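First comes the structure, then the notes that go with it.
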Amino acid sequence: MTSSLQDNFIKKESLYGAQNYSPLSVVLEKGEGAYLWDVDGNKYLDMVSAYSAVSHGHSHPELIKTLHDQSSKLAITSRAFYTEPFANFLEKLSNISNFESVLTMNTGAEAVETAIKAARRWGYFSKGIPEDDAEIIVADGNFHGRTTTIVSFSSDLSYKEGFGPFTPGFETADYCGSCECGPIDNCLSIKSFEKKINENTCAILVEPIQGEAGIRVPSEGWLKELRELCTAKNILMILDEIQSGLGRTGKLFAYQHENIIPDGLILGKALGGALLPISAFLSSKDVMQHFKPGSHGSTFGGNPLASKVAAKAIDLLFEEKLIENSEKMGNYFLSKLRQINSKVIKEVRGKGLWIGMELNTSDVNAKDLCLMLLNEGLLCKETHKTVIRFAPPLMISKDDLDWAIDKITKVLRSI
Ligand SMILES: *Cc1c(COP(=O)(O)O)cnc(C)c1O
């Protein structure tokens with residue numbers, strides 16, 4: 001039950017705001033570490049982390065100090081001029097990722113758009129594809145953002161309905177992770193990518209683990225097969241790690257679980273240290289050379305304030321061992337969730353602190369379960385009505401997880 005104070009804000013939002021979300025009925029006021037408080041002072045453990053944008057925890061003191069210091073010095077300049085924070089951020093991101101070149105934007109969707117533009121130019125200017133014929137192959141169940149071009153190749157009708165006409169130049173292949181094709185050399189997903197490739201294919205764009213689709217984890221070896229396919233056919237392999245990157249899966253990047261290197265990498269969300277939007281497309285100089293002055297840009301992209309905060313966020317990722325904690329706590333959390341004996345659970349899967357619990361929806365729907373967890377002090381978000389996603393901040397402690405596991409167990413047993 002919400003209080004009249006909360007009802008007031010909920011009503012106001014529905015009255016004045018577009019109804020493009022349906023939030024859980026809780027009005028938040030404050031965050032600290034892995035915890036959030038509502039306007040009535042009730043405390044919750046955050047298992048959503050703003051869709052994995054909050055890795056360092058809410059209101060990290062050092063990030064806030066960086067934000068304050070830089071904002072009182074220089075915040076926004078546009079790219080018409082050089083700044084020190086931007087230069088240092090580029091160097092840092094390039095060094096930790098081993099990608100030669102970085103192009104910064106603000107939101108994830110903009111970085112995906114940047115990757116698409118880069119792939120197309122590389123296709124025309126390096127590979128020799130005839131102008132306007134380039135094709136990019138994406139995966140069924142993908143989520144790459146909400147622009148008109150990106151929803152053009154979404155397989156989710158609710159993202160597309162009434163938003164056409166759509167951008168051409170995209171083909172959809174089957175993702176691995178829902179099929180039961182056994183050993184990877186028989187993988188039907190790889191075969192379906194292979195089938196879509198022709199001389200005009202410039203790139204394959206996929207998520208190493210599909211988050212919005214319900215934490216779909218592909219079979220071991222899948223990314224490697226895809227890498228080999230791209231290399232053999234002279235196609236760029238571009239990974240959208242906006243959600244999976246920067247430690248979420250227990251490695252700095254999810255592709256490191258498979259010891260491969262993609263040709264292009266897209267980052268966002270947690271890059272902004274849970275304070276600001278900043279995103280990036282990373283690639284080789286060979287790919288990035290095709291962006292000439294004037295060919296692409298963004299007013300706020302690479303601004304000194306976001307650059308300074310992002311550089312600090314990267315430092316803290318290592319200093320505070322958030323990646324190791326994600327791996328350790330993720331393994332612990334996954335094993336504990338798998339031990340819960342409940343007929344409601346169909347499957348628990350994930351990597352690092354990115355876990356999906358698929359439900360037998362004849363027993364309960366995922367949103368109702370989220371409401372029950374909310375009443376126990378746990379903020380969770382369902383995806384596709386059947387999966388509850390657990391993605392706490394990467395700094396979460398074992399004690400906090402134990403507390404969460406107790407609550408989750410209690411709620412599941414009560415059904
Ligand atoms: C969130 C997300 C995006 C879109 O990022 P926005 O900042 O919301 O535009 C793209 N790809 C993936 C995998 C995401 O999780």
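Remember, it's 1-based here, ligands and their atoms both numbered in the order they're listed. For clarity, every value in this text was computed on a predicted model and none was experimentally measured.
- Looking at Phe143 against ligand 1, both its backbone and its side chain come within 4.0 Å, counting heavy atoms.
- Arg146 forms a cation-pi arrangement with Tyr159, by the criterion of a distance under 6.0 Å to the ring centre and an angle within 45° of the ring axis.
- Looking only at protein heavy atoms, the nearest one to atom 5 (O) of ligand 1 is Gly108 CA, 3.3 Å.
- Inclusion of Glu212 in the set of residues having an N or O under 3.5 Å from an N or O of ligand 1 is not warranted.
- The N/O atoms of Lys269, backbone and side chain alike, include one that comes under 3.5 Å of an N/O atom in ligand 1.
- For ligand 1, the polar-atom distance check finds no N/O of Val112 at less than 3.5 Å from any of the ligand's N/O atoms.
- Within the 4.5 Å cutoff, no side-chain heavy atoms of Phe166 are placed close to those of Thr149.
- A tilted orientation is assigned to the rings of Phe170 and Phe153, their planes being inclined by 30° to 60°.
- Atom numbering of ligand 1 starts at 1 in the shown order; those under 4.0 Å from a heavy atom of Asp240 are 10 (C), 11 (N), 12 (C), 13 (C).
- Between Gly141 and Arg216, the shortest heavy-atom distance links the atoms CA-NH1, 3.8 Å.
- For Gly145, no nitrogen or oxygen atom sits less than 3.5 Å from a nitrogen or oxygen atom of ligand 1, counting backbone and side chain alike.
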**Message:** Walk me through whether Asp402 and Lys398 qualify under salt bridge (charged side-chain N to carboxylate O under 4.0 Å, His left out).
**Reply:** CA-CA 6 Å; Asp402 283 333; Lys398 184 168 172 293; 3.3 Å; yes

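- Within the 4.5 Å cutoff, no side-chain heavy atoms of Asp263 are placed close to those of Ile235.
- Within the 4.0 Å heavy-atom criterion, the part of His144 lying near ligand 1 is the backbone and not the side chain.
- For atom 8 (O) of ligand 1, the nearest protein heavy atom is 4.0 Å or more away.
- When every heavy atom of Tyr35 is checked against every heavy atom of Lys43, the shortest pair comes out as CD2-CE, 3.4 Å.
- Close approach of ligand 1 to Ala109 (heavy-atom distance below 4.0 Å) involves ligand atoms 4 (C), 5 (O), 6 (P), 9 (O).
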